[in-house]
Structures are given as C-alpha cells and as structure tokens.
Amino acid sequence: MSDHHDRFATRCIHAGQAPDPSTGAIMTPVYLTSTYVQDSPGVVKDGYDYARSKNPTRTALETNLASLERAEHAFVFSSGLAAMDCVLHQLRAGDHVILSDDVYGGTFRQLDKVFKHLGLATTRADLTQPGAVEHAWTGATRLVWFETPSNPMLKVIDIAAVRAEIDRLSGKAAKAPIPADGAYACESPLPRAILVVDNTFASPVLQNPLTFGADVVMHSCTKYIGGHSDLVAGALMTSDPGLAARLRYVQNAVGAVPSAMDCFLMLRSTKTLHVRVQRHGENALRVARWLEAHPAVQRVLYPGLESHPQHALAKAQMCGGFGGMISCVLKGGLKAATNALERARLFSLAESLGGVESLIEHPAIMTHASIPPDARKALGIDDGLIRLSVGIEDADDLLEDLANALK
C-alpha cells in the first residue's frame with residue numbers, strides 16, 4: 001500500500017499522491033460523492049461502490065499515512081476516539097486490557113465508562129517501571145495500550161521492552177497469526193495480546209512504533225498530522241494482514257469515517273509535517289529550558305531536558321527531536337496557574353494541541369477532568385500543573401508572552 005524507499009520528507013509530499021491521471025492536477029481531488037456507478041450489478045471499479053467504504057481522497061491519505069508510519073495498511077476515522085473504538089471492537093466480553101496510567105482523559109473515559117459496561121476489564125499500570133506489565137498481566141489480557149510521550153505527564157515508555165514482555169508472558173501465542181476469516185472479519189477472538197501505541201505526541205516524524213514491535217499505531221490526526229486546528233480525525237496503522245482485515249471491517253461496519261474534505265485537508269498538512277514538527281521541537285526545547293530556570297516554576301516535564309527521568313530513552317527511541325509538548329508545575333497552585341493562563345496572549349487558553357499556534361491549558365480542569373481525582377493526584381496532575389502546546393511562532397515572542405504570564 002505504501003512506498004517506504006524515499007526519505008521521510010519526500011514521502012510526506014509524494015506518498016499516495018500521484019498527479020490526477022484525468023487532468024494532471026498536482027493536488028489530489030476532493031471526491032465529494034456518496035456513491036459510484038457500477039458497470040454491472042456487483043461489478044465495481046477498484047472497489048469503489050459506496051463512500052463510507054472507500055473514497056479516492058481517503059485512499060490517498062491512508063496510503064500517505066501508511067508510508068509515514070512504515071506500515072502496510074492505514075485506516076482513517078472521524079476522530080482519534082473513533083479509531084480507539086475500532087481497536088476495542090476487536091475484543092470480547094471478558095477480555096482484559098492493560099492501560100498506561102497516564103493517558104488522555106478521553107481514552108480513559110472510553111474504557112472506564114463505555115467498554116467496561118460491555119464486559120472489558122482494565123488494569124492501569126505505570127509502564128515506565130520494570131515488571132509493570134507482568135504485575136498487571138492476566139490470562140485474559142488481549143490488549144496493551146499506552147502513549148509515549150504520554151499526556152499530560154510526558155512519560156516515555158520503552159516500546160521494545162514492553163513488546164518483549166508481552167511476548168515472554170504470552171509464550172508461543174505471541175507469534176500466532178491474527179485470524180481474519182469469514183465474512184465477519186472479527187468473528188474469531190484475538191489469539192494473543194496486541195500492543196497499540198498512541199503516537200500522537202511524537203508524530204511519525206519523531207517515532208515509528210511499528211519498528212519497535214507495536215502491532216498497531218494510533219493517532220489523533222486532529223493534532224500534529226492535521227496541524228492547523230481546523231479538523232477532527234484519527235488513524236490506525238498496522239503491517240499485520242489479519243489485523244488490517246479486522247480493522248477494515250469495523251471501519252466500514254461502524255462507519256465513523258472522515259469526510260473527503262477533511263482527508264484533503266490532512267493531505268495538505270502532511271506535506272509540511274516534517275518542517276512543522278522540527279520547528280515545534282526547536283521552540284519547545286527553548287521554552288522548556290527557559291521555564292526550568294524561571295523562579296515561578298517548580299518543575300518542568302519535557303523529554304528533551306536532561307532532568308527528565310526518561311531522557312536517555314527518549315534520545316534513543318525518538319529521532320530528530322522531542323516534540324512540541326511541555327507540562328510544568330507552577331508554584332502557588334491553582335491561583336498561580338489561573339493567573340498565568342488568563343494573562344497569556346500568544347499562548348491561547350484552549351484544549352487540543354499540535355496546531356501551528358501555541359496553546360496552553362489546565363489538565364485537571366480541562367482535558368483530564370474525566371480522570372478520578374485520586375488518580376490525577378497519584379500521577380501528579382495537580383492544581384498547579386499546566387500543559388503547553390508550543391507552536392511555530394517566533395520563539396522570542398513566545399518567551400516574552402510567558403514572561404508576562406508568569407509575573
């Protein structure tokens with residue numbers, strides 16, 4: 001499905017995006033159609049019969065994203081949570097999920113408030129700690145899910161080490177093929193645990209989890225892949241043909257797919273993904289170092305700082321930078337955090353991340369309010385914690401804005 005031979009920047013611009021054969025248009029057309037003419041009943045052109053199942057603009061985007069993540073298959077959805085829902089529909093009542101303790105609030109909510117009532121059991125674990133997978137493991141474990149770097153505490157998890165633990169604990173079942181037989185591709189239960197890595201914070205520019213042993217990579221494309229705060233979308237990538245068949249079936253059966261226009265906008269965005277993420281990272285490193293020296297700041301969490309507990313792992317696992325996300329704890333608790341958030345000008349007070357503009361938010365009140373208070377406290381998501389999505393503005397202007405906000 002994808003060509004991995006070209007270098008990354010070239011694949012950003014060209015993978016899946018040949019000029020339109022009918023006109024020579026350099027940009028992929030937006031196919032605003034809901035259905036397609038058939039040559040004869042059941043005889044369709046290249047599998048295009050109904051736009052929920054397949055759309056040429058979406059096909060181009062999925063080919064592009066597969067190439068960027070060095071995957072053989074990609075599937076895009078109407079949101080990141082819709083992509084997660086597709087994965088969870090591979091499981092059955094009674095299956096067990098190991099979930100990293102630090103994840104986006106919506107990820108926790110979907111497991112704890114939706115699929116819990118459908119019979120899935122979940123154990124949260126700090127997967128940065130040795131033995132955490134084994135301690136949480138049960139004979140019913142069929143999914144291990146984590147983010148790296150994580151949201152909002154910027155934990156970095158060793159993907160290859162978790163993969164090795166899953167294989168060891170699964171024994172021979174670790175190498176069993178994923179079945180995709182029959183008209184209903186999820187008819188058979190998963191024969192082994194699969195590893196899904198949410199790569200949203202790193203983006204494909206900095207990290208390709210499949211190369212470290214992940215079975216599936218997930219993205220909230222709303223963030224760095226979209227990059228302009230003007231769309232909501234999600235994606236899954238895999239190189240396992242059985243998993244691909246199962247994911248494709250659910251994608252079509254549930255129907256949570258993005259519009260052709262959103263796919264077009266994402267294709268526009270991936271063309272600049274490499275240069276945007278580079279600038280995000282350069283600005284974030286400057287901001288993180290500046291914050292670390294500021295007297296109003298108690299602690300800074302950024303994988304690019306030597307003070308980060310997994311800095312060495314981040315250097316080995318991430319390539320060419322550490323991303324644009326920073327969390328920090330301000331002295332003075334909620335009052336200090338509120339004052340800073342209200343005074344910021346270039347850092348807009350808003351949820352989400354990964355856009356070209358800088359954002360700032362309060363996780364405990366905003367993005368992670370669905371996490372129980374005791375769990376937030378255990379993670380360090382306290383009243384003084386703020387999260388910054390550092391944009392691609394001039395770094396000196398961003399530092400001046402933060403200096404005014406922290407007065």
Side-chain angles (χ1 to χ4, degrees), residues 104 149-154 200-203 205-206 220 222-231 269 272-308 314 321-369 380-407:
Y104 167 54
S150 66
N151 181 9
M153 302 307 290
L154 281 299
T200 299
F201 269 28
S203 87
V205 180
L206 304 179
S220 172
T222 312
K223 315 307 192 292
Y224 287 105
I225 288 175
H228 294 78
S229 302
D230 56 8
L231 61 88
S269 297
T272 60
L273 179 63
H274 55 300
V275 290
R276 286 189 287 108
V277 169
Q278 179 182 359
R279 181 63 175 265
H280 282 295
E282 291 170 354
N283 281 358
L285 185 58
R286 279 196 64 187
V287 170
R289 286 174 172 162
W290 183 89
L291 287 170
E292 198 167 41
H294 197 283
V297 177
Q298 180 177 320
R299 183 187 180 199
V300 180
L301 299 167
Y302 183 67
L305 294 177
E306 290 77 4
S307 58
H308 190 280
F322 303 95
M325 299 303 299
I326 303 170
S327 289
C328 66
V329 179
L330 302 184
K331 298 174 183 177
L334 182 60
K335 179 176 175 57
T338 301
N339 287 340
L341 295 173
E342 291 176 349
R343 290 175 62 90
R345 180 179 63 88
L346 290 179
F347 279 87
S348 299
L349 177 57
E351 296 189 5
S352 198
L353 59 106
V356 293
E357 66 289 315
S358 294
L359 302 178
I360 193 168
E361 64 107 7
H362 191 275
I365 295 175
M366 298 168 70
T367 55
H368 289 70
I381 305 175
D382 59 25
D383 288 345
L385 182 78
I386 63 173
R387 191 191 73 181
L388 299 85
S389 174
V390 181
I392 64 172
E393 302 96 336
D394 188 288
D396 289 328
D397 287 331
L398 295 179
L399 295 180
E400 289 177 7
D401 189 43
L402 288 173
N404 180 66
L406 294 174
K407 281 183 180 178

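These numbers come from a predicted model, not from an experiment.
Scanning both residues, L154 and I326, for their nearest heavy atoms gives CD2-C, 4.3 Å. What you find for L206 and G323 is that their closest heavy atoms are CD1-N, 3.3 Å. Between P363 and I381, the shortest heavy-atom contact is CB-CG2, 4.0 Å. When all heavy atoms are compared, the tightest approach of P303 to A314 is CB-CB, 3.9 Å. Taking each heavy atom of K223 and T200 in turn, the nearest pair found is CG-CG2, 3.4 Å. Nearest heavy-atom pair, V297 versus L406, reported as atom, atom and distance to 0.1 Å: CG2-CD1, 4.2 Å.
Counting heavy atoms of neighbouring residues, nucleotides and ligands inside a 6.0 Å radius, atom CZ of R299 does not exceed 12 of them.
Expressed to the nearest 0.5 Å, how far CD of E400 lies from CG of D394 amounts to 8.5 Å. Atom OG of residue S389 and atom CD of residue E351 lie 12.5 Å apart, to the nearest 0.5 angstrom. Atom CG of L273 sits about 6.5 Å away from atom CD1 of I225, to the nearest 0.5 Å. One distance of note links CG of L385 with CD1 of I365; it measures 11.0 Å at 0.5 Å rounding. I386 contributes atom CD1, which lies 9.0 Å from atom CZ of F347 (distance to the nearest 0.5 angstrom).
Within the 3.5 Å criterion, the main-chain N or O of N151 finds a donor-acceptor partner in the side chain of H368. S269 places no side-chain N or O within donor-acceptor distance of the main-chain N or O of G227, the cut-off being under 3.5 Å. Here the side chain of R387 pairs no donor or acceptor atom with the backbone of M325 at under 3.5 angstrom. Side chain of H228 to main chain of D230: no donor-acceptor pair is present (N/O by atom type, distance under 3.5 Å, no hydrogens or angles). The backbone N or O of A405 lies less than 3.5 Å from no partner atom in the side chain of R345, so there is not a single donor-acceptor pair. Under a 3.5 Å cut-off, the side chain of S327 and the backbone N or O of L301 do not form any donor-acceptor pair.
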Discussion item. ring-ring contact (aromatic ring centres under 6.0 Å, His included), that's the test. Do H280 and Y224 meet it? Break it down for me.
Written reply: CA-CA 10 Å; H280 282 295; Y224 287 105; 5.1 Å; yes
Discussion item. Please determine whether side chain to side chain donor-acceptor pair (under 3.5 Å) holds for the pair E361 and T367, giving the CA-CA distance in whole Å, both sets of side-chain angles, and the decisive distance to 0.1 Å.
Written reply: CA-CA 8 Å; E361 64 107 7; T367 55; 2.8 Å; yes
Practice prompt. Kindly indicate, with the supporting measurements, whether the criterion side chain to side chain contact (heavy atoms under 4.5 Å, CB included) is fulfilled by V287 and Y302.
Written response: CA-CA 10 Å; V287 170; Y302 183 67; over 6 Å; no
Acceptor/donor pairs from residues 328-338 side chains to any protein atom, 3.5 angstrom cut, sequence neighbours excluded:
residue	atom	partner	partner atom	Å
K331	NZ	P295	O	3.0
T338	OG1	L334	O	2.8

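For L346, the side-chain contact (heavy atoms from CB on, under 4.5 Å) criterion is met by D397, L398, D401, not counting sequence neighbours.
Here the options are I360, L285, N283, L402, the test is side-chain contact (heavy atoms from CB on, under 4.5 Å), and the partner is V390; only N283 passes.
A donor-acceptor contact closer than 3.5 angstrom links the side chains of E357 and S229.
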